[in-house]
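Structure record follows, encoded as structure tokens.
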Amino acid sequence: MAEYVVDSTGDNAAHGVDLVDGDQPPVRMIVHGDLPDTIEHDGRTWVRTGDAEDQGDDAPPISVYRPA
């Protein structure tokens, strides 16, 4: 099961993000505003890959980030 972390800045534009590292369960985050190229989480830097996980049912895709 993924760990859920919410970063609430009050901006209504939100995007789902999965931080994926090998065989470990992904860390799922909600990012408000524009998606950055990198995310700092748990002492590590994560880079946006351009990949996305399709959620179907008209839900926006979840963007994938991997360790730098």
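Fair warning: this is a prediction, and the values are worked out from it, not measured in the lab.
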Nearest heavy-atom pair of I30 and A14: which atoms, and what distance?
CG2-CB, 3.8 Å

V20 and P26, any side-chain heavy atoms less than 4.5 Å apart
yes

Could R44 and D21 be called an ion pair, given the rule that one side-chain N must be under 4.0 Å from one carboxylate O?
yes

Indicate yes or no for a side-chain donor-acceptor contact from H15 to the backbone of D34 under 3.5 Å, with no hydrogens or angles considered.
no

Side-chain contact, heavy-atom cut-off 4.5 Å: I39 with V17?
yes

Exactly one of V27, V47, L35, D18 clears side-chain contact (heavy atoms from CB on, under 4.5 Å) with Y65, and that residue is L35

Please check: side-chain N/O of T38 versus main-chain N/O of W46, any donor-acceptor pairing under 3.5 Å?
no

